[in-house]
Amino acid sequence: MLLDTMKAAVLNDYGQALELEEVRLDPPRPGEVQVRIGATGVCHSDYHVIKGEWKYGLPMILGHEAAGVVETVGEGVGGVKPGDHAVISFRPACGVCRLCAMGRSVLCEGPGDRFKMHDGTARVHRDGQDLLVLARVGSFAEQVVVPAEQVIPIRDDVPMDVLALIGCAVTTGVGAVVNAAKVEPGSTVAVIGCGGVGLNVIQGAALVNASRIVAVDLLDNKLEYARQFGATDTVNGSAGDAVEQVRALTGGGVDYAFEVIGNGKTVEQAIQMTRVAGTACIVGMAPQGSTSSFDPLLFVNKETKLIGTWYGSARPRIDFPRMIELTMAGKLKVNELISRRYSLDQINEGFECLGRGEVARGVIVF
Ligand code: APR
Ligand code: ZN
């Protein structure tokens with residue numbers, strides 16, 4: 001079905017609520033796919049943009065954690081057809097650059113900019129004006145047109161809200177453990193920040209049989225969720241120094257500490273929580289211009305490793321189906337992550353709940 005207009009939530013100003021508007025969506029051009037969104041998650045990455053912590057240009061349709069049903073495909077598109085259920089990847093993959101050749105397509109920049117299609121033009125418009133779309137997706141809308149390689153077809157018996165979370169939180173969190181840090185069975189792990197992504201780091205660590213999983217957050221309700229997803233110990237960072245508490249629990253620090261907030265200070269804590277020969281892994285995405293500091297001598301004396309991981313260092317075509325099989329086999333909890341479901345009209349309430357830390361994950365269901 002080709003649309004004249006559709007409903008979308010538009011960010012017109014930083015620090016302001018999203019506005020529900022009628023916008024126009026062009027049909028897919030060659031190499032693009034139109035997807036009817038079934039569900040899309042309320043992630044802190046979108047919230048960073050709303051708060052103006054990341055400024056990429058306005059007006060923009062946010063939303064990058066999404067799944068839906070393919071409506072139409074542009075010329076020359078293979079491997080996906082109308083009616084397919086699909087999880088949307090929020091990173092492109094040109095297929096020919098050095099990073100794609102390395103199997104690290106998450107780091108591919110693709111042609112053009114990150115907020116339009118690869119040919120440099122926009123598919124969504126309002127009164128003749130182009131609208132930017134976050135990560136070439138912009139799923140806070142009834143439909144999207146995205147580069148074809150970002151549409152990963154999936155088995156059709158999985159609920160859309162579960163599929164949507166595979167598109168960011170699950171892949172980012174579990175991937176940080178299995179693809180980036182490569183946590184070994186029996187290791188000790190600390191996870192700072194137990195939101196939608198952090199809970200997936202926790203369940204990823206449980207999946208690979210970490211022996212201790214220490215969850216750190218400032219909110220007791222988040223620590224309660226953390227227990228449900230596999231944390232063996234919890235630390236409330238507002239009840240005393242988080243680093244000291246983790247060190248005391250683990251006899252001097254953990255093998256792997258994950259920062260899953262996006263905060264320069266908690267990155268420092270992650271480094272300080274690692275034991276000798278440990279690895280600190282940054283998953284959270286800090287506001288633009290943030291800094292952290294560390295003692296360089298300790299990196300030598302302790303052979304500490306500091307690594308970062310984007311999108312779980314995933315290869316979406318391999319990792320999305322794997323995450324879904326693990327979920328359907330009961331080895332990952334995804335439905336259990338969803339504490340609230342909203343309609344698109346309730347999207348601002350969704351971000352308020354995220355901001356107040358009330359939910360594990362909220363999802364907009366169409
Ligand atoms: N110490 C401990 N926990 C904290 C602190 C702190 N100083 N500050 C915030 N938190 C906790 C919050 O209480 C919340 O539980 O961090 C968690 C963040 O979770 P969400 O808001 O649900 O964010 P999420 O969607 O999981 O994203 C986390 O990953 O992908 C990135 O851009 C994303 O930077 C963001 C991060
Ligand atoms: Zn996200």
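Just follow the structure's listing: the first ligand is 1, and inside any ligand the first atom is 1.
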Check: Glu224/Asn221 side-chain N/O donor and acceptor closer than 3.5 Å: no
Side-chain ion pair, Arg322 and Glu325, N-O less than 4.0 Å: no
Using 2.8 Å as the threshold, say whether any N, O or S atom from Cys43 sits that close to the Zn ion (ligand 2). yes
Please list, chain by chain and in numerical order, all residues satisfying side chain to side chain contact (heavy atoms under 4.5 Å, CB included) with Arg227, sequence neighbours excluded. Thr234
Taking the side chain as every heavy atom from C-beta outward, state whether Lys7 and Phe366 have any pair of such atoms under 4.5 Å apart. no
Using the six-membered ring wherever Trp is involved, compare the ring planes of Trp310 and Phe90 and label them parallel, tilted or perpendicular (cut-offs 30° and 60°). tilted
Would you tabulate the polar-atom pairs, meaning N/O of ligand 1 against N/O of the protein, with distances under 3.5 Å, reported to 0.1 Å?
unit_1: ligand 1; atom_1: 13 (O); unit_2: Asp217; atom_2: OD1; d: 2.6
unit_1: ligand 1; atom_1: 15 (O); unit_2: Asp217; atom_2: OD2; d: 2.7
unit_1: ligand 1; atom_1: 15 (O); unit_2: Lys222; atom_2: NZ; d: 3.1
unit_1: ligand 1; atom_1: 21 (O); unit_2: His44; atom_2: ND1; d: 2.6
unit_1: ligand 1; atom_1: 22 (O); unit_2: Gly196; atom_2: N; d: 3.3
unit_1: ligand 1; atom_1: 23 (O); unit_2: His44; atom_2: ND1; d: 3.4
unit_1: ligand 1; atom_1: 25 (O); unit_2: His44; atom_2: N; d: 3.1
unit_1: ligand 1; atom_1: 25 (O); unit_2: Arg361; atom_2: NH1; d: 2.7
unit_1: ligand 1; atom_1: 26 (O); unit_2: Gly196; atom_2: N; d: 3.1
unit_1: ligand 1; atom_1: 26 (O); unit_2: Val197; atom_2: N; d: 2.8
unit_1: ligand 1; atom_1: 32 (O); unit_2: Ser45; atom_2: OG; d: 2.7
unit_1: ligand 1; atom_1: 32 (O); unit_2: His48; atom_2: NE2; d: 3.2
unit_1: ligand 1; atom_1: 34 (O); unit_2: His48; atom_2: NE2; d: 2.9
unit_1: ligand 1; atom_1: 34 (O); unit_2: Ile261; atom_2: O; d: 2.8
unit_1: ligand 1; atom_1: 34 (O); unit_2: Met285; atom_2: N; d: 2.9
unit_1: ligand 1; atom_1: 34 (O); unit_2: Met285; atom_2: O; d: 3.3

With the side chain counted from C-beta on, respond yes when Glu53 and Tyr47 share a heavy-atom pair under 4.5 Å apart, and no when they do not. no
